[in-house]
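FYI, side chains are in, hydrogens and waters are out, and symmetry mates aren't considered; it's all heavy atoms of this structure.
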Amino acid sequence: MPSWIGAVILPLSGLLLSLPAGADVKARSCGEVRQAYGAKGFSLADIPYQEIAGEHLRICPQEYTCCTTEMEDKLSQQSKLEFENLVEETSHFVRTTFVSRHKKFDEFFRELLENAEKSLNDMFVRTYGMLYMQNSEVFQDLFTELKRYYTGGNVNLEEMLNDFWARLLERMFQLINPQYHFSEDYLECVSKYTDQLKPFGDVPRKLKIQVTRAFIAARTFVQGLTVGREVANRVSKVSPTPGCIRALMKMLYCPYCRGLPTVRPCNNYCLNVMKGCLANQADLDTEWNLFIDAMLLVAERLEGPFNIESVMDPIDVKISEAIMNMQENSMQVSAKVFQGCGQPKPAPALRSARSAPENFNTRFRPYNPEERPTTAAGTSLDRLVTDIKEKLKLSKKVWSALPYTICKDESVTAGTSNEEECWNGHSKARYLPEIMNDGLTNQINNPEVDVDITRPDTFIRQQIMALRVMTNKLKNAYNGNDVNFQDTSDESSGSGSGSGCMDDVCPTEFEFVTTEAPAVDPDRREVDSSAARLERSLLSGSLVCIALAWQRLCR
């Protein structure tokens, strides 16, 4: 073959070989990408009409692309904003649960205290009239301190209740002994006999047990709702790391740069990106679940033996019963006080007796439950607790579940049924890497997100500590341990109608110890039994004795 023929064939063969390649790299239209990019609200001035060489790209594959440098920057910021919104929207349920239930419980407890104070005031005004009104600050101070404790005040419930009964004893002692003059020192001596003489019977001891446990549980539960609300609000506002932002951009918007704006990420690819970006949030889950479990335990207490509603509703009846006990034992109490504190000096001059106030009524009956005012929450404590328990159970494992919840969103991924036609970070094809486990330490080999497992997020660690502190408070409240008291015998023994219990719990002797023991749920029919016995005793004439003594205040 002549040499010139060979010289002609070689260039022709090179030209023929180069044609298919030239056909492949022919710039494709970016029309579809322009439409999708403009729908995001971006200016179309940033985007070319046809693909360009992609050497300038820093995140997406450096191949022919529809993305300029400005586009990659804007889409990178867009992916960050969308991720932050996704986390906030996904955690919306748990945040609104704590916000709304905190509001309901707080309203309920506050109005419960208001109603209990009003109920006592109304009953005592009807029963004792001016006699009560002249001594009403003793009772007002009791409710003021209870409210102060509930709202977080530094109140020692046991000391406050002891002080209430001591003050009431001083007032009552003067009323049943009007022929004597008592100095401040003498009255202080009288108050020291409160525990020894038990002038009010067993009511103060029982009421102290019930009030202390119920208020500890109620206050701690509402504090728990506050902490849950604050932690959820804080954790749902994420600040993605630079490595996370790169991974988000690659997952969400590199399909745009490749001319595939309608292709969504593969589900497993999304999971790895989210597990890397939310690794620290997943580490919150262990402490969060312990916190939820502790909240559920205290909720059970609120339904049972630590039910503040069953304690506060009949508190007017119980205090009236205590006053009646004082009247019935007035002679013995006075004699023992005179023996211990000395004989008091006679009063300078006895005032002439005056008739009892016109509004004084020697017969009264406690309110029936259906006559009680309704609360702002519009429901009973039992129904409120049942509702919050259901919501709390649903909020368990919420932080480790975030990646799965986000990646199930049809607007985010292609779903599990379309594993061949999804974006895998490089092209439209199946995603092959394995899915990482939850938590920071498990991201060491995450193929999508560069995670520094040696540097836990200090903000998340602060939330973990806040939950840990609150969980310990809840555990103490579950055991009634604002003050550490333990029941030394079975509370359930002898409980029930006709058992002789005067309240919703058949209390036994409590000792102050450092150990903790859960109480047994009582039979809560005792309040009705107590009210019935009190009414029978009033009708039999016991209240007449009270009236005669209180009447002397008007002399």
Side-chain angles (χ1 to χ4, degrees), residues 54-63 65 67 69-88 90-91 234-258 260 263-286 399-407 409 412-414 422-464:
E55 292 86 353
H56 58 280
L57 298 178
R58 296 187 299 275
I59 299 174
C60 297
Q62 292 183 335
E63 301 172 8
T65 181
C67 282
T69 300
E70 292 76 16
M71 284 179 66
E72 193 179 38
D73 289 341
K74 287 181 179 180
L75 289 172
S76 182
Q77 283 300 309
Q78 180 69 16
S79 64
K80 173 180 179 292
L81 290 173
E82 289 184 10
F83 169 70
E84 291 170 349
N85 290 335
L86 280 169
V87 174
E88 197 158 354
T90 307
S91 60
R234 289 167 182 167
V235 176
S236 63
K237 290 178 172 58
V238 293
S239 298
T241 63
C244 171
I245 295 172
R246 286 179 62 86
L248 290 167
M249 168 61 195
K250 187 178 178 183
M251 181 183 85
L252 295 173
Y253 286 113
C254 281
Y256 279 51
C257 296
R258 294 286 290 137
L260 303 168
V263 179
R264 292 194 177 95
C266 301
N267 186 74
N268 290 353
Y269 174 34
C270 173
L271 285 175
N272 274 344
V273 172
M274 292 301 161
K275 287 197 175 198
C277 288
L278 296 170
N280 284 283
Q281 280 75 6
D283 283 346
L284 186 75
D285 228 35
T286 299
W399 306 113
S400 61
L402 276 179
Y404 298 91
T405 308
I406 291 171
C407 293
D409 191 330
V412 177
T413 68
C422 55
W423 174 253
N424 65 7
H426 303 280
S427 61
K428 185 169 72 171
R430 176 183 287 271
Y431 183 76
L432 298 176
E434 64 176 336
I435 302 173
M436 298 293 100
N437 290 323
D438 300 328
L440 185 64
T441 56
N442 289 316
Q443 307 312 308
I444 187 169
N445 294 318
N446 191 309
E448 309 305 335
V449 188
D450 182 17
V451 182
D452 184 354
I453 67 166
T454 66
R455 298 182 62 185
D457 189 310
T458 55
F459 181 75
I460 296 294
R461 301 301 141 182
Q462 289 171 359
Q463 307 315 307
I464 290 174

Would you mind writing out the side-chain donor-acceptor pairs for residues 430-439 within the sub-3.5 Å range, not counting sequence neighbours?
residue : atom : partner : partner atom : Å
Arg430  : NE   : Glu420  : OE2          : 2.8
Arg430  : NH1  : Glu419  : OE1          : 2.8
Arg430  : NH2  : Glu420  : OE2          : 2.7
Tyr431  : OH   : Asn272  : ND2          : 3.0
Tyr431  : OH   : Glu448  : OE2          : 2.6
Asp438  : OD1  : Lys275  : NZ           : 2.9

Decide yes or no for [X] and [Y]: does some side-chain heavy atom of the first lie under 4.5 Å from some side-chain heavy atom of the second?
X	Y	answer
Val451	Ile444	no
Glu72	Leu75	no
Met274	Leu248	yes
His56	Thr65	yes
Lys80	Glu84	yes
Cys60	Met249	yes
Arg264	Trp423	no
Leu278	Phe83	yes

- Item | Rounded distance [0.5 Å steps], CG in Leu81 versus CD1 in Ile245 |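 Answer for the CG-CD1 pair, Leu81 versus Ile245, is 9.5 Å.
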
- For Arg258, enumerate each residue passing the salt bridge (Lys or Arg N to Asp or Glu O under 4.0 Å) test, keeping only those at least two apart in sequence or located in another chain.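 So Arg258 forms a salt bridge (Lys or Arg N to Asp or Glu O under 4.0 Å) with Glu63.
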
- Decide, based on the SG atoms alone, whether Cys266 and Cys422 are under 2.5 Å apart.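 Judged by the SG atoms alone, which are under 2.5 Å apart, Cys422 and Cys266 are bridged.
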
What closest approach, in Å, do [X] and [Y] show between heavy atoms, and which atom pair accounts for it?
X	Y	answer
Ile59	Ser76	CD1-OG, 4.2 Å
Ala247	Val449	CB-CG2, 3.7 Å
Cys277	Gln281	O-OE1, 4.1 Å
Gly425	Lys250	O-CE, 3.3 Å
Leu271	Pro403	CD2-O, 3.7 Å

Please confirm whether the backbone N or O of [Y] pairs with a side-chain atom of [X], one donor and one acceptor, at under 3.5 Å?
X	Y	value
Gln62	Leu57	yes
Thr413	Cys407	yes
Asn280	Ile460	no
Thr90	Leu402	no
Gln463	Leu284	no

- Give a yes or no on whether Asp450 atom CG has more than 12 heavy-atom contacts from other residues, nucleotides or ligands under 6.0 Å away.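 Incorrect, the count does not exceed 12.
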
- Query: Listed by chain and number, what are the ring pair (Phe, Tyr, Trp, His ring centres under 6.0 Å) partners of Tyr253, not counting sequence neighbours?
  - Reply: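 Partners of Tyr253 under the ring pair (Phe, Tyr, Trp, His ring centres under 6.0 Å) test: Tyr256.
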
